[in-house]
Amino acid sequence: MDLIPGIEATASALGAQRTRLDIIAQNIANAHTTRGPDGQPYQRQTVSFESELLQQAGFTGPLHTVRVGAVAADKSPGERVYDPQHPDADAGGMVTMPNVNLAYEMVDLITASRAYEANLSVAKNSRQMALKALEIGR
């Protein structure tokens with residue numbers, strides 16, 4: 001018997017948001033990386049989510065979970081700045097920077113952390129409701 005049916009959906013959302021937070025942290029850490037292993041500037045990574053219907057035995061309601069669908073590179077071009085002293089500058093002194101905008105990343109970070117907190121709150125409240133239900137049943 002599944003005492004807390006919604007907890008699985010919340011747990012999947014927590015995992016997906018954690019992946020999103022990891023990718024945002026990676027983007028911020030590489031905001032000034034002008035040369036990666038492939039010799040190109042860092043490309044911002046984005047996370048997309050997918051929902052999936054739970055197919056558990058015994059559960060008849062439409063309960064959806066979320067999972068990470070894909071982590072893909074943002075193909076937008078990075079800013080080009082004039083810095084002839086930079087080791088990655090071309091013949092004209094221009095350096096192609098990563099396409100990471102720190103303001104956007106901070107907004108994404110706050111949004112993802114708020115979503116994580118909301119899902120964590122749902123898990124805590126579900127647990128408390130289950131405990132109260134068990135107390136009533138005594």
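Both backbone and side-chain heavy atoms feed into the values below; hydrogens, waters and symmetry mates do not.
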Counting N and O atoms only, with roles assigned by atom type, does the side chain of Q45 sit under 3.5 Å from a partner on the main chain of Q43, one being a donor and the other an acceptor?
-> yes
Could you tell me the separation between the CG atom of N119 and the CG atom of L14, rounded to the nearest 0.5 Å?
-> 5.0 Å
Does the pair E117/R114 count as a salt bridge with the N-to-O cut at 4.0 Å?
-> yes
Same hydrophobic cluster for Y116 and I110, using side-chain heavy-atom links shorter than 4.5 Å among ILVMFWY?
-> no
Under 3.5 Å, is there a donor-acceptor pair linking the side chains of N99 and S76?
-> yes
Would you say the side-chain atoms of S12 pair up with the backbone N or O of V66, donor to acceptor, closer than 3.5 Å?
-> yes
Hey, is the main chain of T33 close enough, under 3.5 Å, to the side chain of N30 for a donor-acceptor pair?
-> no
If you look at every heavy atom in H64 and A9, which pair is closest and at what distance?
-> O-CB, 3.4 Å
Starting at CZ of R20, measure out to OG of S48 and round the result to the nearest 0.5 Å.
-> 11.5 Å
Would you say the side chain of I23 lies within less than 4.5 Å of the side chain of E105, judging by non-hydrogen atoms?
-> no
Below 4.5 Å, heavy atoms only, C-beta onward: do T46 and R44 meet side chain to side chain?
-> yes
Same apolar cluster: L131 and M129, side chain cutoff 4.5 Å = no
Please check if M97 and L102 belong to a single hydrophobic cluster, counting links between Ile, Leu, Val, Met, Phe, Trp and Tyr side chain heavy atoms closer than 4.5 Å.
-> no
Shortest non-hydrogen contact from P98 toward A31 | CG-O, 3.5 Å
Is there a side-chain contact between T34 and H86 (heavy atoms, below 4.5 Å)?
-> yes
Check I24 against A112 and note the closest heavy-atom contact, atom names and distance.
-> CD1-CB, 4.2 Å
Interatomic distance, CG@D88 vs CD@Q40, rounded to 0.5 Å, equals 10.0 Å
Hey, are the side chains of D22 and R18 touching, using non-hydrogen atoms and a 4.5 Å cut-off?
-> yes
Close side-chain approach of Y42 to R35, heavy-atom, < 4.5 Å = no
L21-I28 co-clustered via ILVMFWY side chain contacts under 4.5 Å = yes
